[in-house]
Amino acid sequence: QVQVVESGGGLVQAGGSLRLSCAASGTIFSINAMGWYRQAPGKQRELVAAITHSGSTNYADSVKGRFTIAGDNAKNTVYLQMNSLKPEDTGVYYCNADAYSSRWLRRNYWGQGTQVTVSS
């Protein structure tokens, strides 16, 4: 069993910055990747950014050049630095961990979400 907890959301003005944190804990054998997804009312949940254990990253086109994902393997923690925020970045941001709780059980674990609101 793996637990995932996000923090760092809040209210900012357009053009501002936020840094989200996500920590995975519990019975973790290994983590393949962690990522950030977001969902706005009436919209599909979408991948924002992801990072593998080795450091390979993937970003949604809409956030490239503005957001940066980074990880701390020793702490099983991932960060999302969000700069030049736009109102369309508003949504609930969820952290996902693609993790093994044992040598044989690989699953996706989700956090509870943290609200990000960007005012115009």
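All values derive from a computational prediction rather than experimental measurement.
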State, with a plain yes or no, whether a side-chain heavy atom of [X] is found less than 4.5 Å away from one of [Y].
| X | Y | value |
| --- | --- | --- |
| Thr117 | Val12 | no |
| Tyr109 | Gln3 | no |
| Gln112 | Val5 | yes |
| Ile31 | Asp98 | no |
| Leu20 | Thr114 | yes |

Check your understanding: Is there a donor-acceptor pair under 3.5 Å between the side chain of Arg66 and the backbone N or O of Ser84?
Key -> yes

Practice item. Applying side-chain contact (heavy atoms from CB on, under 4.5 Å), run through Asn32 and His53 and close with a yes or a no. Key: CA-CA 5 Å; Asn32 284 4; His53 189 272; over 6 Å; no

Distance, nearest 0.5 Å, that separates [atom1] of [X] from [atom2] of [Y]:
| X | Y | atom1 | atom2 | value |
| --- | --- | --- | --- | --- |
| Thr90 | Gln39 | OG1 | CD | 14.0 Å |
| Asn96 | Asn108 | CG | CG | 4.5 Å |
| Met34 | Ile69 | CE | CD1 | 8.0 Å |
| Lys75 | Ser25 | NZ | OG | 14.5 Å |
| Glu46 | Ser62 | CD | OG | 5.5 Å |
| Glu6 | Leu80 | CD | CG | 11.5 Å |

For the student: nearest non-hydrogen atoms of [X] and [Y], plus distance:
| X | Y | result |
| --- | --- | --- |
| Ile51 | Gly71 | CD1-N, 3.8 Å |
| Val116 | Gly9 | CG2-CA, 4.2 Å |
| Leu47 | Ala50 | CD1-CB, 4.1 Å |
| Tyr94 | Gly111 | CD2-O, 3.7 Å |
| Cys22 | Val4 | SG-CG1, 3.3 Å |

Review point. Checking Arg19 against Tyr79: charged group under 6.0 Å from the ring centre and within 45 degrees of the axis?
Key: yes

Check your understanding: Between Phe67 and Tyr93, how do the two ring planes meet: parallel, tilted or perpendicular, split at 30° and 60°?
Key -> tilted

Check your understanding: Between the side chains of Ser56 and Ser54, does any donor sit under 3.5 Å from an acceptor?
Key -> no

Review point. Do Ser17 and Asn83 have a side chain donor and acceptor closer than 3.5 Å?
Key: yes

If Ile, Leu, Val, Met, Phe, Trp and Tyr residues are connected whenever their side-chain heavy atoms lie under 4.5 Å apart, and connections chain through other members, are [X] and [Y] in the same group?
| X | Y | answer |
| --- | --- | --- |
| Val2 | Trp36 | yes |
| Tyr37 | Met82 | no |
| Tyr59 | Val78 | yes |

Review point. Is Arg38 salt-bridged to Asp89, going by a charged N under 4.0 Å from an acidic O?
Key: yes

